[in-house]
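Predicted model, so just to flag it, every value in this text is computed and none were measured. Both backbone and side-chain heavy atoms feed into the values below; hydrogens, waters and symmetry mates do not.
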Amino acid sequence: MTFSRATRALLLGITGLVLLFIHVPLALVVVNSFNVSRTFAWPPPGFTTQWWSAAAQSAGARNAIVVSLEVALLATAVALLLGTMAALALQRFSFYGRDTISLLIILPIALPGVVTGIALANAFLTVIGIELGMLTLVVSHATFCIVTIFNNAIARLRRVGGNLEEASMDLGAGTFRTFRSVTLPMLRSALLAGALLSFALSFDEIIVTTFTAGQGIQTLPIWIYQNLFRPNQAPVVNVVAAALIVVSIVPIWLSLKLAGPDESVAAVR
C-alpha cells in the first residue's frame with residue numbers, strides 16, 4: 001500500500017502527537033524526581049539528588065520491592081509451566097471444546113481488573129475457604145500471566161509447525177526426548193519473551209493485588225498509591241516511579257527482540 005506525501009506527513013504528525021501524549025508525562029515524572037520542590041513546582045526552581053538518597057533509605061519502599069519481586073517471579077514460574085502446557089495441548093492436538101478452552105485461557109487478561117479481583121477474592125474466601133495472603137496473590141497474578149506465555153508459545157508453534165517433532169519421533173526419540181531436544185529449543189526465545197512480559201505485568205499490577213493480597217502484604221504499586229499524597233513521601237514516590245520507568249524498558253525491549261514482531265504483538269493482545 002502506498003500513500004501520498006501529504007498522507008504520510010499527516011500520519012507521521014498524528015503518530016508523533018500520540019507518542020508525545022503518552023511519553024511526556026513519563027518524562028515529567030523523571031524530571032520531578034530531581035525537583036527541589038516538595039510540591040513539584042513547575043518549572044522546577046532547582047534540581048537535587050536528595051530524594052534519590054531518601055528513596056534508597058526508605059525501608060517501606062525496599063520491602064515493597066522485595067515483595068513485588070517475589071510475587072512476580074513465582075507467578076511467572078507458574079505461568080511458564082501452565083501456559084506452555086496449554087499451548088502444546090491446544091496446538092498439537094485436536095479435541096472437542098478446544099476453541100472454548102482457548103477462549104477461557106485468554107479471558108482473564110481481557111476482563112477488567114476489578115472484575116477479576118472481586119471474582120478471585122470471592123473464590124478464595126467463600127468457595128475454597130483460604131485466607132488472602134501471598135499464595136492467593138501469586139495465584140491471582142498467574143491467571144493473567146499465563147495469557148502472555150500461552151500467546152507467545154502458541155504463535156511460535158503455529159509458525160514452526162510439527163514436522164521436526166514428527167521427524168524426531170520417526171527416528172526413535174520418545175515424547176520427552178523430543179520435547180527436550182526439539183520442541184523446547186524452538187520455543188525457548190518465545191517463552192523467555194513471554195516470561196519477561198509476565199514479570200512486568202505482575203510487578204506493576206495494582207487492581208487485582210488490592211483485592212487478593214490481604215492484610216500485611218504490600219507490593220510496590222500499593223506502596224506508591226498509599227504514599228503518593230503524603231507530603232513527606234511524594235518526592236520519594238516520584239523517585240521510585242522514575243526508577244521503575246527506566247528499569248521497565250529493559251524487559252520490554254528484550255521481549256520484543258527475543259520473540260520477534262509476530263509473537264510480540266500476539267503477547268499483548
Next on the checklist: What's the separation between atom CZ in R156 and atom CZ in R188, rounded to the nearest 0.5 Å?
Outcome noted: 11.0 Å

Item to check | Nearest non-hydrogen partners of A121 and F211, listed with the distance | outcome: CB-O, 3.5 Å

Checklist entry - Are any non-hydrogen side-chain atoms of D99 and L103 less than 4.5 angstrom apart? => result no

Checklist entry - In this structure, which one of I154, I149, L157, I146 forms a side-chain contact (heavy atoms from CB on, under 4.5 Å) with T84? => result I149

Next on the checklist: Would the distance check show the side chain of S102 and the main-chain N or O of R98 forming a donor-acceptor pair, the cut-off being under 3.5 Å?
Outcome noted: no

Checklist entry - Is I105 close to L90 at the side-chain level, that is, under 4.5 Å between some pair of heavy atoms? => result yes

Item to check | Hydrophobic cluster identity match, I65 and I206, side-chain contacts under 4.5 Å | outcome: no

Checklist entry - Distance only, no hydrogens: is a donor on one side chain within 3.5 Å (strictly under) of an acceptor on the other, for S198 and T148? => result yes

Item to check | side chain to side chain contact (heavy atoms under 4.5 Å, CB included) assessment of N152 paired with L191 | outcome: CA-CA 7 Å; N152 265 22; L191 293 179; over 6 Å; no

Checklist entry - What is the minimum heavy-atom distance between Q218 and V67, and which atoms define it? => result O-CB, 3.7 Å

Checklist entry - How far apart are the C-alpha atoms of V138 and M134, what are their side-chain angles, what is the distance that settles it, and do they pass the side chain to side chain contact (heavy atoms under 4.5 Å, CB included) test? => result CA-CA 6 Å; V138 170; M134 181 64 76; 4.2 Å; yes

Checklist entry - Given the rule that I, L, V, M, F, W and Y join up when any side-chain heavy atoms are under 4.5 Å apart, are L28 and L19 in one cluster? => result no

Checklist entry - What pair of heavy atoms forms the shortest contact from E205 to T219, and how long is it? => result O-OG1, 4.4 Å

Item to check | D204 versus A200, closest heavy-atom pair with distance | outcome: OD1-O, 3.1 Å

Next on the checklist: Please find the pair of heavy atoms, one from S202 and one from A75, that lie closest to each other, and give the distance.
Outcome noted: OG-CB, 4.1 Å

Checklist entry - Which ring pair (Phe, Tyr, Trp, His ring centres under 6.0 Å) pairs, counting each pair once, include a residue from residues 109-134, with sequence neighbours left out? => result none

Checklist entry - Does T212 reach the main-chain N or O of S140 with its side chain, forming a donor-acceptor pair under 3.5 Å? => result no

Item to check | Residues, nucleotides or ligands: over 12 heavy atoms within 6.0 Å of Y225 OH | outcome: no

Next on the checklist: Walk me through whether V208 and T143 qualify under side chain to side chain contact (heavy atoms under 4.5 Å, CB included).
Outcome noted: CA-CA 10 Å; V208 174; T143 57; 5.9 Å; no

Next on the checklist: Please evaluate residues N151 and I106 with respect to the criterion side chain to side chain contact (heavy atoms under 4.5 Å, CB included), reporting the C-alpha separation (whole Å), side-chain torsions for both, the decisive distance (0.1 Å), and the verdict.
Outcome noted: CA-CA 8 Å; N151 278 350; I106 298 174; 4.0 Å; yes

Item to check | Nearest heavy atoms of L26 and I22, plus distance in Å | outcome: CG-O, 3.8 Å

Item to check | Qualifying residues under ring-ring contact (aromatic ring centres under 6.0 Å, His included), relative to W223, sequence neighbours excluded | outcome: none

Checklist entry - Are F144 and I207 grouped together when hydrophobic residues (ILVMFWY) are joined by side-chain heavy atoms under 4.5 angstrom apart? => result no

Next on the checklist: According to a hydrophobic-cluster definition based on side-chain heavy atoms being under 4.5 Å apart (Ile, Leu, Val, Met, Phe, Trp, Tyr only), do I118 and V139 belong together?
Outcome noted: no

Next on the checklist: Between L135 and L125, is there shared hydrophobic-cluster membership here, with clusters defined by ILVMFWY side-chain heavy atoms closer than 4.5 Å?
Outcome noted: yes

Checklist entry - Relative to each other, are the rings of F203 and F199 parallel, tilted or perpendicular (30° and 60° limits)? => result parallel

Checklist entry - At what distance, to the nearest 0.5 angstrom, does NE2 of H141 lie from CG of L73? => result 12.5 Å

Item to check | Gap between atom CG of L220 and atom CG of N63 - 0.5 Å precision | outcome: 11.0 Å

